[in-house]
Amino acid sequence: MSKTLDLERILHKQGFGSRKLCRIMIINEEIMVNGAMCDDPDAQFGLENLNYTVKGEPWVYKEKSYLMMHKPSNYECSHKTQHHPTIYSLLPHPLVERQVQCIGRLDEDTTGLILISDDGLFIHRMSSPKHKVPKIYEVTCKHSVLQSNIHALLGGVKLIDEAETIAALDVKQISECVIHMTLAEGKYHQVKRMVAAIANRVEGLKRIQIGALKLPNDLAVGEWRWLSEGDMIKLGAEVD
Ligand code: URA
């Protein structure tokens, strides 16, 4: 039998505020569960496929949150930002309350695919250097990218402050100044530093793929969505 929980705890666990606040919302008839209004904070519900609305906004119960976002430029991947708004301001408040975190940071001027979760194991799995989840970046360079540059990136370039040379897993030339570069690591400013090492400069950077998960064409800049089961499989990270 699937696990059940009282409505007050369900809302609290899902990030809708303190138990007291959740109780008040329930008594005030602001919550509907599986299509019917419920004003009893102690009413028990099965958690599997649980649908509810809070003040008219629809939600589905999620034991853990797994999201993707199309990060815009001029947003920082930090809860405490310095110069720009945080990407967390683009998420609904209950998700932020659940203390979701982005998995690997993108620079403030980088756009594209970023994963966000409150599942520590998933965050570790996706960010650990041991697992080497490949990431593909679309890199727009200031100057033309030559065949010799591509060979250098594939063969390994020396970065300041790194003992070993670092190589791209793959580099595809898209146009004179644009390449798709696949990296296994996520070192600080890695793409920018690798491009600097071939005497060029990054003018635009967008992450277009993580593992086998591509940034969906219909996910507009600044939008987020839940990861589907298919997405999790593409990330090699199925969860029960
Ligand atoms: N490499 C960079 O230089 N910046 C990013 O944001 C991501 C990878």
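In each ligand, atom 1 is the first atom listed, and ligand 1 is the first ligand listed. Everything numeric here is computed off the predicted structure, so don't read it as measured data. Below, all heavy atoms of this structure are taken into account, side chains as well, without hydrogens, waters or symmetry copies.
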J.: Tell me which protein heavy atom sits closest to atom 1 (N) of ligand 1, plus the residue, atom name and distance to 0.1 Å.
T.: Val191 N, 3.1 Å

J.: Output a table of donor-acceptor pairs, distance under 3.5 Å, between side-chain atoms of residues 174-182 and any protein atom two or more places apart or on a different chain; print 'none' if there are none.
T.:
{"residue": "Glu176", "atom": "OE2", "partner": "Ser144", "partner atom": "OG", "Å": "2.5"}
{"residue": "His180", "atom": "NE2", "partner": "Glu138", "partner atom": "OE1", "Å": "2.8"}

J.: Purely on distance, is any nitrogen or oxygen of Thr110 under 3.5 Å from one on ligand 1?
T.: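 So ligand 1 has an N or O lying under 3.5 Å from an N or O of Thr110.
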
J.: Name every donor-acceptor pair, under 3.5 Å, that has one atom in a side chain of residues 41-55 and the other anywhere in the protein, sequence neighbours excluded.
T.:
{"residue": "Gln44", "atom": "OE1", "partner": "Thr4", "partner atom": "OG1", "Å": "3.3"}
{"residue": "Asn51", "atom": "ND2", "partner": "Asn49", "partner atom": "O", "Å": "3.3"}

J.: Does only the side chain of Val202 get under 4.0 Å from ligand 1, or the backbone, or both, or neither? Count heavy atoms.
T.: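 It is neither part, as no heavy atom is under 4.0 Å.
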
J.: Considering only NZ, NE, NH1 and NH2 on the basic side and carboxylate oxygens on the acidic side, decide whether Asp107 and Lys192 come within less than 4.0 Å.
T.: yes

J.: Under a 4.0 Å threshold between the charged nitrogen and the carboxylate oxygen, would Glu162 count as salt-bridged to Lys187?
T.: yes

J.: In ligand 1, which numbered atoms sit nearer than 4.0 Å to a non-hydrogen atom of Gln190?
T.: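 Taking each heavy atom of Gln190 in turn, ligand 1 has 1 (N), 2 (C), 3 (O) under 4.0 Å.
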
J.: Check for me whether Tyr137 has a heavy atom closer than 4.0 Å to any atom of ligand 1.
T.: yes

J.: Looking only at protein heavy atoms, which one is nearest to atom 4 (N) of ligand 1, and how far off is it?
T.: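 Answer for atom 4 (N) of ligand 1: Asp107 OD2, 2.7 Å.
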
J.: Does CZ in Arg201 sit with more than 12 non-hydrogen atoms of other residues, nucleotides or ligands closer than 6.0 Å?
T.: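 Not more than 12 within 6.0 Å, no.
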
